Chemist: 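Have a look at the structure that comes next, please.
Atoms within a ligand are numbered from 1 in the order they appear, just like the ligands themselves. Note that the structure is a prediction, hence the values are computed from the model and not measured.
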Amino acid sequence: MENTDVLIIGAGPAGTVAAAGLMKQGKKVVVLEKDVFPRFVIGESLLPRCNDILEKVDLLGSIEERNYIKKRGAVFFRGALKEQFNFAETFHDGWKYTYQVPRGDFDKALADAVVKKGGDIRFRMEVNDVEFLDDGAIVHYTDLASGYVHSIKARFVMDCSGYGRVLPKLLDLDEPSDLSYRISLFTHITNDKRPEGDDEGYIWIVALPQGGWIWVIPFAGGVTSVGVVALPKVFEEAPGADDDEKLRNLLLQEASLKDRLAQMEFVMPSKKIEGYSIGVKQLCGDRYVLVGNTTEFLDPIFSSGVTLAFESAYRAQEVVGKYLDDGSVDIQKEYADYMIGGVNCFRQYVKAWYTGELQWLFFSRNKTSAVKDRVCSVLAGYVWDQSNNYVSRPDKALAAALGTLPDEERFKVFE
Ligand SMILES: Cc1cc2nc3c(=O)[nH]c(=O)nc-3n(C[C@H](O)[C@H](O)[C@H](O)COP(=O)(O)OP(=O)(O)OC[C@H]3O[C@@H](n4cnc5c(N)ncnc54)[C@H](O)[C@@H]3O)c2cc1C
C-alpha cells in the first residue's frame, strides 16, 4: 500500500497552506481533493493576517502576482451612519492591506504554487473513509474519473475538507452552533459604481434595519461580489418573486447602495447557503487534526473564515511536524487550545454585532482613536495578540468602551 507522512483531505486555503508548510519541513505529503480547480467557493474577502501566513509558507509571491485588488480596510454603514476602518491604523503593527479574491482563481493559484514546489495534489479524488490504527490511519478514497477505490496509509491525517466535514461526519464530532440559523443570498455583478483610488478596494458592510447585513466586495477587473446575510424571515418578507429579485431589492433598499448599485447587472444567478454556522466537539484526536472550516464556522460578518483556515493550517502543520519527529508535543494545548482562543475572540465580536452593541460602538462619534485602533486590529485578524485587551478580554473591553458612550447615540443606531 502507498505510504505518506501526512494525508491532507481538501485543497482549499487550509489544505494548501498546510501542505506548503509540511513540505517546507521536509515531510512527505499527499493532498486529495474531490473537485477540479478552478471551482466556485464563497469567502472572497481576506484579512491582513492572511498575508503573514502566506509569507511564512512562501506562498505570498504567487498571490501578489495575481494582481488582486488591494483591500485596505472596511467601511460600515447603517442608514445614514458610516464608519471607515483602515488597516493602516491598528493597534497591532501588522500588514496594512490584504486582497479581495475571487476564490476560484485564488484557490487555484495556491494549489498551482504548491504543485510547482513539487507538491502532490490529486484532483477528483474523494475521501470516503478513514480507519485509525495505532501508528497512523488508512484513508480510502474514490477516483471520481474512473470510479476506482484506492487506499493510502498515512502517519497523520489533516482534515481540511471545509464544508465537506469528512472526519466530523465519520467520527460524529459535529455540534450545533451557539449562533442563530441564518441564510446568505449572494451573486457577482458588474456595473458597480465604485469609489475611486485606494478606497475602491474596501469591503462595504451595510447593516440592515430589519436585521442582517449586506457585503460588497470589489474584485479587480470590474466584477463585484454582493450578498445578504440575515435570519430567514428577512428573506421571506423581502419583496420579489424569486431569489434574484429579493436580492436585488434588498440591496437597492439601502440608501448607501442605491447610487453605487443602480446600474448593476448579475453575472450569475444568485446562490444561497443556509445554516452554515456549526460547532465541533474536538479539534484533534489520535493521529488527526481538524483544520479550517472543518473546525467551527462562526459567521461571515468579519470575513474571518480564510484567516482562521490559514492560521489553523499553519499552526497544525507546525505541531504535526513536531509530533512526527519525536512525539514531543501536546497537540490539544499547542494546536486546539490556541485556535479556540482566536475563534472565541471572533465569537464575542460576532455576537456583539448581532445584539447591536458593536454597531453602536462602530457608529459612535464619541469613541476614542485608541479604542478604534484596537478594534481595527481584531478586524484585521490579529486575534492572537494578547497585548490587545480587545483580544484578551473582549467582553470587558467592549463593555468598558460602551460605558463611555452617550445613550442618545444608541438610539440613533437603533431608531
Ligand atoms: C456566506 C459566506 C460568506 C463568506 N465570506 C467570507 C469572506 O468574505 N472572507 C473569508 O475569509 N471567509 C468567508 N467565508 C468563509 C469561507 O468560505 C471559509 O471559511 C473558507 O473557504 C474555509 O477554507 P477551507 O480551506 O477550510 O475550506 P474550503 O474552502 O471549503 O475547502 C475545502 C476543500 O475540501 C474539498 N473536499 C470536501 N470534501 C472532500 C472529500 N470528501 N474528499 C476530498 N476533498 C474534499 C472541497 O472540494 C474543497 O475544495 C464565508 C462563508 C460563508 C458561508
Chemist: Ignoring angles and geometry beyond distance, decide whether Arg39 reaches within less than 3.5 Å of ligand 1 through its nitrogen or oxygen atoms.
Modeler: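 Such a contact does occur with ligand 1.
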Chemist: Out of all atoms in ligand 1, which are within 4.0 Å of some heavy atom of Gly10? Include the element for each.
Modeler: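 That gives atoms 33 (C), 34 (O), 35 (C), 44 (N) of ligand 1.
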Chemist: If you measure from each heavy atom of Phe297 to ligand 1, is any distance below 4.0 Å?
Modeler: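 It does; at least one heavy atom falls under 4.0 Å.
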Chemist: How about Asn293 and Tyr276: does a side-chain donor come under 3.5 Å of a side-chain acceptor?
Modeler: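 No, Tyr276 and Asn293 have no side-chain donor paired with an acceptor closer than 3.5 Å.
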Chemist: Can you tell me if Tyr390 and Gln348 form a side-chain donor-acceptor pair at under 3.5 Å?
Modeler: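 No, no side-chain donor-acceptor pair sits under 3.5 Å.
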Chemist: Non-hydrogen atoms of Ile42 versus ligand 1: any pair closer than 4.0 Å?
Modeler: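 Contact check Ile42 vs ligand 1: positive.
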Chemist: Could you check Lys56 against Glu318 for side chain to side chain contact (heavy atoms under 4.5 Å, CB included), going step by step and ending with a plain yes or no?
Modeler: CA-CA 11 Å; Lys56 282 173 197 261; Glu318 275 188 324; over 6 Å; no
Chemist: Determine, using ring centers only, whether Phe362 and Trp360 are less than 6.0 Å apart.
Modeler: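 When the ring centroids of Trp360 and Phe362 are compared, they turn out to be at least 6.0 Å apart.
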Chemist: Does any N/O atom on Tyr276 come nearer than 3.5 Å to any N/O atom on ligand 1?
Modeler: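 Between Tyr276 and ligand 1, no N or O pair is found under 3.5 Å apart.
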Chemist: What about Val306: any of its N or O atoms under 3.5 Å from an N or O on ligand 1?
Modeler: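 Between Val306 and ligand 1, an N or O pair is found under 3.5 Å apart.
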Chemist: For the residue pair Lys71 / Ser45, report whether a side-chain donor-acceptor contact shorter than 3.5 Å exists.
Modeler: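 Yes.
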Chemist: Closer than 4.0 angstrom, basic N to acidic O: yes or no for Lys333 and Asp337?
Modeler: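 No.
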Chemist: For Ser277 and Asp299, does a side-chain donor sit closer than 3.5 Å to a side-chain acceptor?
Modeler: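 Absent: no donor and acceptor within the cut-off.
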Chemist: I'd like to check whether Phe186 has a polar contact with ligand 1, where a contact means an N/O of the residue lying under 3.5 Å from an N/O of the ligand.
Modeler: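 No.
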Chemist: Any N or O on Pro300 sitting closer than 3.5 Å to an N or O of ligand 1?
Modeler: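 Such a contact does not occur with ligand 1.
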Chemist: Is the shortest N/O to N/O distance between Arg103 and ligand 1 below 3.5 Å?
Modeler: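 Among all N and O atoms of Arg103, at least one is under 3.5 Å from an N or O of ligand 1.
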Chemist: Starting from atom 19 (O) of ligand 1, which protein heavy atom do you reach first, and at what distance in Å?
Modeler: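 For this ligand atom, the closest protein heavy atom is Asn293 OD1, 2.7 Å.
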Chemist: For atom 37 (C) of ligand 1, what is the closest protein heavy atom, and at what distance to 0.1 Å?
Modeler: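 Minimum-distance protein heavy atom for atom 37 (C) of ligand 1 reads Ser161 O, 3.2 Å.
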Chemist: Going by distance only, is there an N or O of Ser184 that falls short of 3.5 Å from an N or O of ligand 1?
Modeler: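 No; every N/O pair is 3.5 Å or more apart.
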Chemist: Among Leu167, Leu171, Thr294, Leu173, which one satisfies side chain to side chain contact (heavy atoms under 4.5 Å, CB included) with Val280?
Modeler: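 Testing Val280 for a side chain to side chain contact (heavy atoms under 4.5 Å, CB included) against Leu167, Leu171, Thr294, Leu173 leaves exactly one candidate, Leu173.
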Chemist: Is it true that Tyr354 and Trp213 share a donor-acceptor pair across their side chains at a distance under 3.5 Å?
Modeler: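 Their side chains do contain a donor-acceptor pair, which is all the 3.5 Å distance test asks for.
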Chemist: Considering distance alone, does some N or O of Val229 sit under 3.5 Å from an N or O of ligand 1?
Modeler: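 Checking ligand 1 against Val229, no N or O pair falls under 3.5 Å apart.
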Chemist: Do Asn51 and Tyr99 meet the criterion of a side-chain donor-acceptor pair at a distance under 3.5 Å?
Modeler: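 No pair is found: no donor N or O on one side chain lies under 3.5 Å from an acceptor on the other.
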Chemist: Between Ser303 and ligand 1, does any nitrogen or oxygen pair lie at a separation below 3.5 Å?
Modeler: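 Among all N and O atoms of Ser303, at least one is under 3.5 Å from an N or O of ligand 1.
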Chemist: Is there a polar contact between ligand 1 and Glu33, counting only N or O atoms under 3.5 Å apart?
Modeler: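 Yes, since at least one N or O of Glu33 sits under 3.5 Å from an N or O of ligand 1.
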